[in-house]
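The block underneath contains the structure these notes are about, expressed in structure tokens.
Predicted model only: the values in this text are computed from it and were never measured. Hydrogens, waters and symmetry mates are skipped; everything else that's a heavy atom, side chains included, is used.
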Amino acid sequence: SINGFLEDLFLDGLSPELQLIADMCHMMLWFILMQIALAYCSGAMFDGGARSTDEKVREQRRLQLLENECSIECWAVLLSHMTGFAAINAFGTLQQLPFFSQSPMFTSLTIPIAIAAMCIVQRCFAKIRYRILMSDDSMNTFEMAWGEATEDAENDVMGLAVSFLTTQALRFWICGSLANQEGEEDEEVANNHHLSEVFMLVGCGCISIGLMAYSIYKPEETKDQSAEQLEADEVKKRFLDGISVCLIMIFAWCSFYSGRWFLGTFELLMMDPMLLALALALLFSGIAFCCIRLLDFCNDAEWASNKFVKASREVIMAIGILVGFSWEQCFDNAVTALASGSFMRLGLATFCVAIIVPAWKHYLLPMVIYNGYEFGVILKSDEQIEAMKNAFEQKEKKEIEKHEERYAKRVKIDTWHKQKKAAHYKQLPDGPVVG
């Protein structure tokens, strides 16, 4: 809605090249806003002290981080998806340029371009964050929470953009027609897909989710690595995490559009986009419920290994994203049907957010973050309060161990860089320095 509002105000009548530049700037503004907002929500913006050894200070920070955790997760998800859709719009504009839209092969070239661009942006922001976090030669819990939340959000941005471009290219290869930058096809094309095309697109989605699940079974990294190896592994792990998110979302996009192709062949649904979107959302919701229940049953079985549980949870996440995409399209069609212009559409979208986000933040997120499914969201007894404290202490213990391990790696890498730089200066010949 924001994008449509800005396009109506500023981008109408511009050449495709100027629109591409404007869309890229729009995407970067969301990237910057996401960094600042997560620094604010995590408390890193206001807590500049070093890691304290005082028990009272540590307890205060623990309670503060507990209060901040829902806000961090809420705004990380919202801003990462808004930035992701801005990235989809920017690289979708690139994909629609005459050079890239002339054939499926040229359209596919935008995928490595987007991956390279996203990796460069991620590395630049990671360098900036690291300099800020280590400005006092230490990292406290708020700063580590900011760094981790931002990295996960940036992976989601990359996943949304790259997965959508990949799905666009796959659809072009399969049906011979490139959809517009919002994924919409001409009415003649949208309602005349063969069943073989539906199965081909479903197959592409299944292959992507299979590759993601297989990546879970890669061997664990060895201990006692050198600083150089740690840095290389950290960059590699970040890249692979981003690709894993891409594969999850490719599955979601491919499943969504294959379902849309299939239901679009029914005469009753092809005449009404809103009814088609609602039928698709209900269909995927029912399928998702059955699949998630089956995977949850398998996770509870004695034969389920840790890696199987981890892989199945990623599959459940992919199914959840698919349901989210289908209902997003349902809301989008409803807002478009009711709104008479971009300003009205923005107002209705804001109204939807004002209703849904507070309920999600205050009642659904605590279920995920504090294991609320074990004892209920609303605490009614001392036993429940004690159970929540114990669950959070276990969770916090794992988080502290993860933070300590990561902090030790960063210190080791930073020390190695300083030693390498000092050794380089020692090797320089004596004499006046020129330039």
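Inspection of the Trp146 and Thr150 side chains reveals an N or O donor paired with an N or O acceptor under 3.5 Å. In the model, Ser71 has a side-chain atom that pairs as donor or acceptor with a side-chain atom of Lys361 under 3.5 Å. No side-chain donor from either of Gln19 and Gln96 sits under 3.5 Å from a side-chain acceptor of the other.
Rounded to the nearest 0.5 Å, atoms CD1 (Ile32) and CD1 (Ile128) are 8.5 Å apart. The line from CD1 of Ile120 to CD of Gln122 is 11.0 Å long, rounded to the nearest 0.5 Å. Here the straight-line distance linking atom SG of Cys290 with atom CG of Leu294 works out to 9.0 Å at 0.5 Å rounding. One distance of note links CG of Leu33 with OG1 of Thr83; it measures 7.0 Å at 0.5 Å rounding. For the atom pair CD1 of Ile248 and CD1 of Ile316, the computed distance is 11.5 Å after rounding to the nearest 0.5 Å. With rounding to the nearest 0.5 Å, the separation of CE in Met82 from OG in Ser1 is 9.0 Å.
Contact annotation: the side chain of Val162 never approaches that of Phe91 to less than 4.5 Å [non-hydrogen atoms, C-beta and beyond]. Counting heavy atoms from C-beta on, the side chains of Leu263 and Leu283 come closer than 4.5 Å. Looking only at side-chain heavy atoms (C-beta outward), Leu295 and Arg313 stay at 4.5 Å or farther from each other. You'll find the side chain of Met24 stays beyond 4.5 Å of the side chain of Thr93, heavy atoms only. The shortest distance between side-chain heavy atoms of Leu20 and Leu97 falls below 4.5 Å. Counting heavy atoms from C-beta outward, Trp253 and Gln168 have side chains that stay 4.5 Å or more apart. Contact of the Cys246 side chain with the Met212 side chain is not registered, since no non-hydrogen atoms from C-beta on lie closer than 4.5 Å. Looking at Leu278 and Trp327, their side chains come closer than 4.5 Å, going by heavy atoms from C-beta outward.
For residues 266-296, the ring pair (Phe, Tyr, Trp, His ring centres under 6.0 Å) pairs, not counting sequence neighbours, are Phe262-Phe266. The salt bridge (charged side-chain N to carboxylate O under 4.0 Å, His left out) pairs that include a residue from residues 340-351 are Asp332-Arg345, where partners are two or more places apart or lie in different chains.
Taking the charged nitrogens against the carboxylate oxygens, Glu197 and Arg171 have no contact shorter than 4.0 Å, which rules out a salt bridge. We find that Glu185 and Arg260 are not joined by a salt bridge, their nearest charged nitrogen and carboxylate oxygen being 4.0 Å or further apart. Between Glu154 and Arg123, none of the side-chain N atoms (NZ, or NE/NH1/NH2) sits under 4.0 Å from a carboxylate O, so this pair counts as no salt bridge.
Asn180 places a side-chain N or O within donor-acceptor distance of the main-chain N or O of Gly183, the cut-off being under 3.5 Å. A donor-acceptor pair under 3.5 Å is absent between the side-chain atoms of Gln329 and the main chain of Ser326, judged by distance alone.
Nearest heavy atoms, Val157 versus Ser80: CG2-O, 3.3 Å. The minimum heavy-atom distance between Ala252 and Ile321, with the atom names listed, is CB-CG2, 3.8 Å. Ala304 approaches Asn299 most closely through the heavy-atom pair CB-O, 3.8 Å. Closest of all the heavy-atom pairs between Leu79 and Ala37 is CD1-CB, 3.4 Å. Contact detail for Ile88 and Gln181: the closest heavy-atom pair is CG2-O, 4.2 Å. In terms of heavy atoms, Met249 sits closest to Phe325 at O-CE1, 4.4 Å.
For Glu182, the CD atom sits in a loose shell: 12 or fewer heavy atoms of surrounding residues, nucleotides or ligands are nearer than 6.0 Å.
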task: I would like to know whether Phe256 and Leu280 meet side chain to side chain contact (heavy atoms under 4.5 Å, CB included); could you show each step before the answer?
output: CA-CA 8 Å; Phe256 171 77; Leu280 193 61; 3.3 Å; yes

Derivation of the side chain to side chain contact (heavy atoms under 4.5 Å, CB included) call for Leu170 and Tyr257: CA-CA 11 Å; Leu170 289 172; Tyr257 283 113; over 6 Å; no

message: Quick one, Ile250 with Cys204, criterion side chain to side chain contact (heavy atoms under 4.5 Å, CB included). Give me CA distance, side-chain angles, the key distance, then yes/no.
response: CA-CA 8 Å; Ile250 288 172; Cys204 293; 5.9 Å; no

- request: With side chain to side chain contact (heavy atoms under 4.5 Å, CB included) as the test, would you mind laying out the steps for Thr265 and Asn191 before giving the verdict?
  value: CA-CA 5 Å; Thr265 59; Asn191 298 329; over 6 Å; no

Can you give me every donor-acceptor pair (side chain of residues 103-117, partner residue at least two apart or in another chain, under 3.5 Å) with its distance?
residue: Ser103; atom: OG; partner: Phe106; partner atom: N; Å: 3.4
residue: Thr107; atom: OG1; partner: Phe100; partner atom: O; Å: 2.7
residue: Thr107; atom: OG1; partner: Ser103; partner atom: O; Å: 3.0
residue: Ser108; atom: OG; partner: Pro104; partner atom: O; Å: 2.8
residue: Ser108; atom: OG; partner: Trp173; partner atom: NE1; Å: 3.1
residue: Thr110; atom: OG1; partner: Gln95; partner atom: NE2; Å: 3.1
residue: Thr110; atom: OG1; partner: Thr107; partner atom: O; Å: 2.6

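Using a 30° and 60° split on the angle between ring planes, His193 and Trp261 fall in the parallel class, below 30°. Between His81 and Phe85, the ring planes lie tilted relative to each other; the angle falls in the 30° to 60° range.
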